[in-house]
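Beneath this line is the structure, given in structure tokens, with notes to follow.
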Amino acid sequence: MSDIVVQKIVRPERAVSGPWLEVIASNLDYDRATFLWKCEGLSDEQLRLRPVRSSALTLLGLMRHLQGVERAWFQQSSLPQARKLRACVL
């Protein structure tokens, strides 16, 4: 069994025009795949290594940070739309 965590990654094409949701989704897919592509071929141990001794940041830590930012962005951006939808239903 290989200790490589991230196998071969193929980045999808980006949509640059079209419906807003499709453009956002395609760009997120592209950005996620780009991050994984940069981690391609690394083991779990390598993902946890600090590239600079004075920094606590690792690739795994960066991945967690990106997940948190994405989650917060979706929560903030979907809140007004959810309120509009609720107002229409009520």
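Shown here are the salt bridge (charged side-chain N to carboxylate O under 4.0 Å, His left out) partners of R48, two or more places apart in sequence or in another chain: D44. When the salt bridge (charged side-chain N to carboxylate O under 4.0 Å, His left out) test is applied to E22, no partner is found at least two apart in sequence or on another chain. By the side-chain contact (heavy atoms from CB on, under 4.5 Å) test, L57 pairs with S55, L62, sequence neighbours left out. Residues that satisfy the side-chain hydrogen bond (donor to acceptor under 3.5 Å, both in side chains) test with T58, not counting sequence neighbours, are absent from this structure. The side-chain hydrogen bond (donor to acceptor under 3.5 Å, both in side chains) test applied to R50 returns no partner, not counting sequence neighbours.
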Table please: side-chain donor-acceptor pairs of residues 10-19 below 3.5 Å, with sequence neighbours left out.
residue : atom : partner : partner atom : Å
R11     : NH1  : Y30     : OH           : 3.1
R11     : NH1  : T34     : OG1          : 3.1
R14     : NE   : N27     : OD1          : 3.0
R14     : NH2  : D31     : OD1          : 2.9

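Atoms CH2 and CG, on W73 and L28 in that order, are 7.0 Å from each other to the nearest 0.5 Å.
Within the 3.5 Å criterion, the main-chain N or O of S43 finds a donor-acceptor partner in the side chain of Q46.
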- prompt: Under the side-chain contact (heavy atoms from CB on, under 4.5 Å) criterion, do M63 and L36 qualify, and how do the steps go?
  reply: CA-CA 9 Å; M63 183 182 300; L36 291 174; 4.1 Å; yes
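When all heavy atoms are compared, the tightest approach of L59 to F35 is O-CZ, 3.4 Å.
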